[in-house]
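Counting convention: from 1, in listed order, for ligands and their atoms alike.
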Amino acid sequence: MHHVQQLINGQFTQSNTDEWIDITDPATQDVIAKVPQTTDSEINEAVATAHTAFQTWRKTPITTRARIFLKYQALIREHMDELAEILTSEQGKTIADARGDVFRGLEVVEHAAGIANLQIGDFVENVASGVDTYSVWQPLGVCAGITPFNFPAMIPLWMFPMAIATGNTFILKPSEQDPMVTMRLVELAIEAGVPEGVLSVVHGGKATVDALCDHPDIKAVSFVGSTKVGQHVYEKASKSGKRAQCMMGAKNHAVILPDANKEQTLNQLAGAAFGAAGQRCMALSVVILVGEAGDWINDIKAKAEGLVVSAGKNDKDLGPLISPQAKARVEHLIGTGVDEGAKLLLDGRGITVKGFEKGNFVGPTIFDNVTTDMQIYQQEIFGPVLCIMRAESLDAAMDIVNGNPNGNGTAIFTQSGAAAHKFQQDIMVGQIGINLPIPVPLPMFSFSGSRASKLGALGPYGKQAVQFYTQTKTVTARWFDDAASQGKVNTTISM
Ligand code: NAD
């Protein structure tokens, strides 16, 4: 049995713990590896070595730091097939989607390789006579990252490349449900030249997360995961004086106007509602059909019925959910939808996949006549379940979206520039797609979920991550000519 290692002080080692968590293949329930609950003393050792490494890493030339990420991006490309295969075996998503997961992280690595263009301060000459002021963006120290199960490649890569490129050292705590692809990415980072102690990995669940949030030598925590845990992490980390950012749960609405390009819209909607078995924080899980777009209901159902569910490695349309518990939760929520009066148009419960009878499969599921008081609307289902609502007008649809507390993503489908402009201006959601279903920004921008989907002002990659992982230091300097070194005591604040 493979035992997942931890990385402390540049060494991949097995934990001394006697608590091991099973990692299972979601398509079969086979236990494929075990991951440790890292002990307190191992966590402390990881932080101590990261703290020591920071003293030299922060002064390592920015060009040296950047070049590591040039090499790293090449290594990730070289190992793309292997990474996707590992990811699918433990997470369940299709191979094509697993490659996308790695690729979206790779884009952040490419961005980190340009760090010297990003970590540039300001300079103003002669703020007073002979006085200059400049600011530099200095790294914070030891930072930590806590990641969810649904993007085990992309989300760790949102975090440690930018943190390390800006001169920090980093402790990563991957999801205990699928840490193996994350570990392979970490091995490649070490191969690319990340020095001893600059990147460490500890494992486990709540105990590890709490220890990282409380540790006095950790300066910042980046978290991606569910709303409940994110709120806990934000509160705990902030209380102990850390900078914290938490990207959390979502309920993303698509608004479809009757003038939208029908075929394009339906294809994109089906992909975004059911792809990755709905286990994306940017999944479109609610669609509001405006006016005559309400007539498209059977076409939406037909698209969903055309999707094939199978083990991820068979590379069809949808893989299994991450765990039997996740499957039971999703099926329970579908049951509440029926009980609370929504119309079940397509029921994905109880499906079996030949050859994978024990898999955590739920097929595409569609509810019509969903109302805002139902549990299927109020909770993030995180499964392949689409809730359909109707609205008389764009304004009425926007009222529904703005009335939902979450603010991760939303999309409008229309051929009207005026409608799209109104939507973009007045919708209170941090990431908007116009005729585009999952508008996750590339790293020249930043991930910008908002309201209940995010705590902390700054996003996890892009320009905002450079700010998150650095402290601005402002220097005001005057140099005297020897000949001018006269003058007298000045007790006022003027210069
Ligand atoms: P999760 O909150 O259960 O786990 C996230 C991390 O927190 C894991 O590393 C886990 O070990 C740890 N954790 C779990 N329970 C904990 C506890 N009680 N105390 C402290 N730490 C704990 O999330 P998940 O199920 O792995 O991921 C799915 C969730 O993540 C969804 O809600 C999804 O919307 C969200 N997500 C959000 C974004 C975003 O950018 N907004 C991106 C991806 C996923």
Candidate pair Thr88 and Glu85, rule side chain to side chain donor-acceptor pair (under 3.5 Å), full reasoning
CA-CA 5 Å; Thr88 293; Glu85 203 176 301; over 6 Å; no
Check the side chains of [Y] and [X] for a donor-acceptor pair under 3.5 angstrom, ignoring hydrogens and angles.
X      : Y      : result
Gln6   : Thr38  : yes
Arg329 : Gln325 : no
Lys242 : Ser240 : yes
Thr166 : Asn168 : yes
Asn406 : Asn404 : yes
Asp18  : Gln37  : no

Hey, which atoms in ligand 1 end up nearer than 4.0 Å to a heavy atom of [X]?
X      : value
Gly249 : 32 (O), 34 (O)
Asn150 : 43 (C), 44 (C)
Lys173 : 8 (C), 9 (O), 10 (C), 11 (O)
Ile146 : 6 (C), 7 (O), 9 (O)

May I ask you to identify the nearest protein heavy atom to [atom], giving residue, atom name and distance to one decimal place in Å?
atom                    : value
atom 7 (O) of ligand 1  : Phe223 CE1, 3.5 Å
atom 1 (P) of ligand 1  : Ser226 OG, 3.7 Å
atom 12 (C) of ligand 1 : Val209 CG2, 4.0 Å
atom 14 (C) of ligand 1 : Val229 CG2, 4.0 Å
atom 41 (N) of ligand 1 : Met248 O, 2.8 Å
atom 31 (C) of ligand 1 : Glu380 OE1, 3.5 Å
atom 10 (C) of ligand 1 : Glu176 OE1, 3.5 Å
atom 26 (O) of ligand 1 : Phe149 N, 3.0 Å

Could you tell me whether atom 4 (O) of ligand 1 has at least one protein heavy atom nearer than 4.0 Å?
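No, there is no protein heavy atom closer to it than 4.0 Å.
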Have a look at ligand 1 and work out which part of Thr147, if any, has a heavy atom under 4.0 Å from it: side chain, backbone, both or neither.
backbone
Is Thr208 touching ligand 1 with its side chain, its backbone, both, or neither, if touching means heavy atoms under 4.0 Å apart?
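It is neither; nothing of Thr208 touches ligand 1.
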Purely on distance, is any nitrogen or oxygen of [X] under 3.5 Å from one on ligand 1?
X      : result
Trp158 : no
Asp210 : no
Phe382 : no

Considering all heavy atoms, the nearest Ala420-Ile434 contact:
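Looking at all heavy atoms of both residues, the closest pair is CB-CG2, 3.9 Å.
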Any Pro364 side-chain heavy atom under 4.5 Å of Val309 side chain
yes
Which option out of Gly449, Cys246, Gly225 puts a heavy atom nearest to atom 30 (O) of ligand 1?
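The option holding the nearest heavy atom is Gly225.
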Side-chain ion pair, Lys239 and Asp214, N-O less than 4.0 Å:
no
Kindly state whether the ring of Phe223 and the ring of His232 have centres lying under 6.0 angstrom apart.
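Distance test on ring centres: not under 6.0 Å, no.
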From CA spacing to verdict: side chain to side chain donor-acceptor pair (under 3.5 Å), Asn360, Gln29:
CA-CA 8 Å; Asn360 311 316; Gln29 309 307 337; 2.6 Å; yes
Sub-4.0 Å heavy-atom contact, Ile155 with ligand 1
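Under 4.0 Å: yes for Ile155.
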